[in-house]
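The next block holds one structure in the form of structure tokens; read it before the comments.
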Amino acid sequence: MLKGKVALVTGAGRGIGREIALTLAKEGAAVIVNYNGSKAAADETVSQIISDGGTAEAIQCNVADFAASEAFVKQVLEKYKKVDILVNNAGVTRDNLIMRMSEEDYDAVLDTNLKGAFNMIKHLSRSFLKQRSGKIINIASVSGILGNAGQANYSASKAGLIGLTKSVARELASRGISVNAVAPGFIDTDMTKALSDDAKKLLNDTIPMGKIGTPADVAKVVAFLAGEGSDYITGQVICVDGGMAM
Ligand code: NAP
């Protein structure tokens, strides 16, 4: 149970982030539902949590922006006094083959997926160190482990996120702070809805379990990593992928 804990989930208005927010709130955590552009979706996530008897608040911040994320963390710490669980879930794709990939699309994906996580961890690290406890969970991807044609920017960002996870895990382990990554495979959200039926079929054929995952499949593992059941686990990458990356 996460009663008395404060969780901050980035990109929690929609998709996997929303499900993580709902799940952590059900476990008893007060949840800060971060969003960038989707205010209505974030408000809906908060309403759902509150109507289930939980505590939540939506706060806008573009996590890719160093100064904005610093101000966001300051705002949260002033009000809640602490953050126990940080889930770096915010992510974007701008797929293209390397020949056609623009510098802008490369930078945009790295800025959100990798620098966004760096920003949040860096700005919260002093508070985590002071309380000598904390759970940081980064949402990576099997694409960062296997690579994926058409996703050089995305794969690089997620491989980088795995490196960031392991390095920070080594830095913070002796202070009671764990840092782990969850690497989803192919999950049914807005991010994957845009794929053609042919592309979906091809992807499906690479999943030993033969089906795509749900946001709940990911959220359950995040809840485990956020709770005391995972207290002796750090620096790990847990694939939630139906066996794709085994
Ligand atoms: P999604 O439905 O497209 O949602 C993306 C979320 O990220 C949205 O809530 C969005 O918020 C937020 N976001 C994007 N840029 C942001 C920024 N600069 N600052 C703050 N929030 C930002 O995607 P999803 O499928 O739920 O993906 C969630 C995470 O799982 C991502 O890191 C993704 O890479 C990872 N993942 C997904 C899959 C999959 O198959 N779906 C597989 C592997 C990994 P706004 O709408 O408010 O901008």
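Note that the numbering runs from 1 along the sequence shown for the chain. Atoms within a ligand are numbered from 1 in the order they appear, just like the ligands themselves.
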Report the part of Ala140 in contact with ligand 1, treating N, CA, C, O as backbone and CB onward as side chain, heavy atoms under 4.0 Å; options are side chain, backbone, both, neither. backbone

Measure Lys39 to ligand 1 on non-hydrogen atoms and call it side chain, backbone, both or neither using the 4.0 Å cut-off. neither

If you count the atoms of ligand 1 from 1 in the order shown, which ones are under 4.0 Å from a heavy atom of Asn62? 17 (C), 18 (N), 19 (N)

Please state which protein non-hydrogen atom is closest to atom 40 (O) of ligand 1 and give its distance, to 0.1 Å? Ile187 N, 2.8 Å

Could you identify the single nearest non-hydrogen protein atom to atom 36 (N) of ligand 1 and state the distance to 0.1 Å? Tyr154 OH, 3.4 Å

At less than 4.0 angstrom from any non-hydrogen atom of Gly15, what atoms of ligand 1 do you find? 2 (O), 26 (O)

Sub-4.5 Å side-chain heavy-atom contact between Ile238 and Asn180: no

If we set the cut-off at 4.0 Å for heavy atoms, which region of Ile16 has an atom near ligand 1: side chain, backbone, both, or neither? both

Residue from Val73, Asn138, Ile177, Ile136 passing side-chain contact (heavy atoms from CB on, under 4.5 Å) with Leu86: Ile136

Would you find a donor on one side and an acceptor on the other, under 3.5 Å apart, between the side chain of Arg18 and the backbone of Pro215? no

Ignoring hydrogens and angles, tell me if any N or O in the side chain of Lys158 forms a donor-acceptor pair with the backbone of Ile139 under 3.5 Å. yes

Is it the side chain, the backbone, both or neither of Asn34 that has a heavy atom closer than 4.0 Å to ligand 1? side chain

Looking only at atom types and distance, does a side-chain atom of Asn89 sit under 3.5 Å from a main-chain N or O of Ile16, one as donor and one as acceptor? no

Euclidean distance, Thr112 OG1 relative to Arg94 CZ, rounded to 0.5 Å: 8.0 Å

Quick one: does Cys61 get a heavy atom under 4.0 Å from ligand 1? yes

Ligand 1 versus Thr112, non-hydrogen atoms closer than 4.0 Å: side chain, backbone, both, neither? side chain

Which atoms of ligand 1 sit under 4.0 Å from any heavy atom of Tyr35? 47 (O)

Between the side chain of Glu19 and the main-chain N/O of Asp217, is any donor-acceptor distance below 3.5 Å? no

Using a strict 4.0 Å cut-off to heavy atoms of Lys158, name the atoms of ligand 1 that fall inside it. 31 (C), 32 (O), 33 (C), 34 (O)

Could you identify the single nearest non-hydrogen protein atom to atom 19 (N) of ligand 1 and state the distance to 0.1 Å? Val63 N, 3.1 Å

Heavy-atom proximity to atom 47 (O) of ligand 1 ranks first, among Pro215, Ala58, Ser38, for Ser38

Atoms in ligand 1 with a heavy atom of Phe186 nearer than 4.0 Å: 40 (O)

Which residue owns the protein heavy atom closest to atom 31 (C) of ligand 1, what's the atom, and how far is it? Asn89 O, 3.1 Å

For ligand 1, is there an atom lying under 4.0 Å from some heavy atom of Ile139? yes

Ligand 1 atoms nearer than 4.0 angstrom to some heavy atom of Val92 are 14 (C), 15 (N)

Of the backbone atoms (N, CA, C, O) and the side-chain heavy atoms from C-beta on, which set of Thr189 has a member under 4.0 Å from an atom of ligand 1: side chain, backbone, both, or neither? side chain

For the backbone of Met191 and the side chain of Thr189, can you confirm whether one donor and one acceptor N or O come within less than 3.5 Å of each other? yes

Out of curiosity, is Gly213 lining ligand 1, as in a heavy atom under 4.0 Å away? no

Backbone of Ile187 reached by a side-chain donor or acceptor of Thr192 within 3.5 Å: yes

For Pro184, is at least one N or O under 3.5 Å away from an N or O on ligand 1? no

Please test Asp197 against Lys201 for salt bridge (Lys or Arg N to Asp or Glu O under 4.0 Å), starting from the C-alpha separation and ending with a verdict. CA-CA 6 Å; Asp197 285 349; Lys201 162 108 188 45; over 6 Å; no

Between Thr234 (side chain) and Ala169 (backbone), is there a donor-acceptor pair under 3.5 Å? no

Among all the protein's non-hydrogen atoms, which is closest to atom 48 (O) of ligand 1, and how far away is it? Gly37 N, 3.2 Å

Show me which atoms of ligand 1 lie under 4.0 Å from any heavy atom of Asp190. 2 (O)

Closest to atom 38 (C) of ligand 1 among protein heavy atoms sits Gly185 O, 4.0 Å

Are more than 12 heavy atoms, taken from residues, nucleotides or ligands other than Lys193, located less than 6.0 Å from that residue's NZ atom? yes

Could you tell me whether the side chain of Ser155 and the main chain of Ser143 form a donor-acceptor pair under 3.5 Å? yes

Please walk me through it: do Ile137 and Ile20 pass side chain to side chain contact (heavy atoms under 4.5 Å, CB included)? CA-CA 11 Å; Ile137 301 148; Ile20 291 170; over 6 Å; no

Between Ser157, Gly91, Gly11, Ala12, flag the one that comes closest to atom 5 (C) of ligand 1 by a heavy atom. Gly91

Any side-chain heavy-atom pair of Gln60 and Asn36 under 4.5 Å: yes

Measure Asn36 to ligand 1 on non-hydrogen atoms and call it side chain, backbone, both or neither using the 4.0 Å cut-off. both

What is the nearest protein non-hydrogen atom to atom 13 (N) of ligand 1, stated with its residue, atom name and distance? Ala90 CB, 3.8 Å

Would you say NZ of Lys82 has more than 12 non-hydrogen atoms from neighbouring residues, nucleotides or ligands within 6.0 angstrom? yes

Please list the nearest protein heavy atom to atom 3 (O) of ligand 1 with its residue and the distance rounded to 0.1 Å. Arg14 NH1, 3.6 Å

Measure from the side-chain N and O atoms of His123 to the backbone N and O of Phe66, and report whether any donor-acceptor pair falls under 3.5 Å. yes

Just jot down the ligand 1 atoms closer than 4.0 angstrom to any heavy atom of Thr192, in number order. 39 (C), 40 (O), 41 (N)

